[in-house]
Amino acid sequence: MLHVITGENRHLYQDQVDESFRIRHRIYVHERGWKDLARADGREVDQFDNSDAIYLLMLDEPDGRVIGGSRLIPSLKPHLLADVFPQLASTHPVPRSPDIYEWTRFYVVPERREPHAISDVACTIMCGVQEFGLEHNLSQFSIVTEPFWIPRFLRLGWSPRPLGLPIQWQGMDVVGITVDVSEFALRETRRVRGIRSSVLSHSFNRKLAG
């Protein structure tokens, strides 16, 4: 199951959140070479890992080990697109609304990936992101991503829309986009791996503040 971790229930998941930060450091700093994110303590934590952050963590059973995750930030709060990459919104304004959240730090641990395919873990997280959005009446997510994700999202019915032209950052192309929250996108994403029911753990299901 995918666990929804907020500022209100994070005390129940302190070990898992810390493990997630260490996994992010291994993936983004050591694997992908994003040296600007390197920290001596081996934890990839930025200014947006605060009380506003919502983590969707997939835990392996029965040991509770983190095998994949994501982060959501309300677009009315400081977030990556608005505060670090505003130049990506060169043809459209940075999306800011109570019903728009930013989706970042989407990862799957190396041993659970599948070459040339959306793995079970990745598909579960993507379904969970859509489910979360539908449960909380969100309309869109904004994303800072690589351009190759645009056709993937198109095939899954997420209706990606670029906010401007890609830029070069640390040897890679990045682009700002929005994607829709919809029952259609959830249904098409579930179809990839034959997922038939909710993937979210409902240990926390309170309506979002604001």
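The shown structure was predicted, so the numbers you read here are calculated from the model rather than taken from an experiment.
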Starting from the C-alpha separation in whole Å, work towards a yes-or-no answer on side-chain contact (heavy atoms from CB on, under 4.5 Å) for Val144 and Ile177.
CA-CA 7 Å; Val144 175; Ile177 66 172; over 6 Å; no

With a 4.0 Å cut-off on N to O distance, would you call Glu19 and Arg22 a salt bridge?
no

Of all residues at least two apart in sequence or in a different chain, which pass the side-chain hydrogen bond (donor to acceptor under 3.5 Å, both in side chains) check with [X]?
X: Thr178; result: none
X: Arg193; result: Glu114, Asp120
X: Ser142; result: none

Taking the side chain as every heavy atom from C-beta outward, state whether Phe85 and Ile167 have any pair of such atoms under 4.5 Å apart.
yes

So do the side chains of Trp149 and Pro160 get within less than 4.5 Å of each other, counting heavy atoms only?
no

Could you state the interatomic distance from CZ (Phe48) to CG (Leu72), rounded to the nearest 0.5 Å?
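CG of Leu72 is found 14.5 Å from CZ of Phe48.
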
How many angstroms lie between atom CG of Leu76 and atom CG of Asp52, to the nearest 0.5 angstrom?
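Between Leu76 CG and Asp52 CG, I get 10.5 Å after rounding to 0.5 Å.
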
Taking every heavy atom of Leu2 against every heavy atom of Gly128, the minimum-distance pair comes out as CD2-CA, 3.6 Å

Write down the atom of Gly133, the atom of Phe141, and the distance for their closest heavy-atom approach.
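That closest heavy-atom pairing would be CA-CZ, 4.1 Å.
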
Please list all pairs meeting side-chain hydrogen bond (donor to acceptor under 3.5 Å, both in side chains) that have one or both residues in residues 61-83, counting only residues at least two apart or in different chains.
Asp46-Arg71, Asp49-Arg71, Asp60-Arg65, Arg65-Glu111, Ser70-Trp103, Arg71-Thr104

Could you note down all residue pairs passing side-chain hydrogen bond (donor to acceptor under 3.5 Å, both in side chains) where residues 86-98 supplies at least one of them, sequence neighbours left out?
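Residue pairs passing side-chain hydrogen bond (donor to acceptor under 3.5 Å, both in side chains), neighbours aside: Ser97-Asp99.
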
Could you verify whether a donor N or O on one side chain and an acceptor N or O on the other, from Trp158 and Ser182, lie under 3.5 Å apart?
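Result is no, nothing qualifies.
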
Please list all pairs meeting salt bridge (charged side-chain N to carboxylate O under 4.0 Å, His left out) that have one or both residues in residues 148-176, counting only residues at least two apart or in different chains.
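Matches after skipping sequence neighbours: Arg161-Asp180.
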
Can you list every salt bridge (charged side-chain N to carboxylate O under 4.0 Å, His left out) pair that touches residues 26-35, not counting sequence neighbours?
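Listed by first then second residue: Glu31-Arg113, Arg32-Glu146.
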
Is there any ring pair (Phe, Tyr, Trp, His ring centres under 6.0 Å) pair reaching into residues 108-127, and which pairs are they, with sequence neighbours excluded?
none

Under the side chain to side chain contact (heavy atoms under 4.5 Å, CB included) rule, collect the residues that match up with [X], sequence neighbours excluded.
X: Arg10; answer: Ile5, Val17, Ala53, Tyr55
X: Asp41; answer: Arg39, Arg43
X: Val192; answer: Ile118, Cys123, Leu156
X: Leu37; answer: Tyr28, Val29, Trp34, Glu44, Arg105

If hydrophobic clusters are built from ILVMFWY residues whose side chains come within less than 4.5 Å, do Leu200 and Leu57 share one?
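Both belong to a single hydrophobic cluster.
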
Do Phe153 and Leu138 share a hydrophobic cluster, counting only Ile, Leu, Val, Met, Phe, Trp and Tyr and linking them when any side-chain heavy atoms are less than 4.5 Å apart?
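Both belong to a single hydrophobic cluster.
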
Check the pair Ile67 / Val109 against side-chain contact (heavy atoms from CB on, under 4.5 Å), numbers first and verdict last.
CA-CA 5 Å; Ile67 56 176; Val109 296; 4.0 Å; yes

Test ring pair (Phe, Tyr, Trp, His ring centres under 6.0 Å) on Phe132 and His136; report intermediate values, then the result.
CA-CA 6 Å; Phe132 180 94; His136 296 288; 4.4 Å; yes

Step-by-step side-chain contact (heavy atoms from CB on, under 4.5 Å) determination, Arg24 to Ser20:
CA-CA 6 Å; Arg24 282 168 35 179; Ser20 177; 4.1 Å; yes

With side chain to side chain contact (heavy atoms under 4.5 Å, CB included) as the test, pick out the partner of Tyr101 among Val181, Val129, Ile73, Ile54.
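Result for side chain to side chain contact (heavy atoms under 4.5 Å, CB included) with Tyr101: Ile54.
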
Quick check against the 3.5 Å criterion: does Glu131 have a side-chain atom that pairs as donor or acceptor with the backbone of Val199?
yes

As a quick check of understanding, evaluate side-chain contact (heavy atoms from CB on, under 4.5 Å) for Glu183 and Leu134, giving each step before the final call.
CA-CA 8 Å; Glu183 293 282 359; Leu134 289 166; 3.9 Å; yes

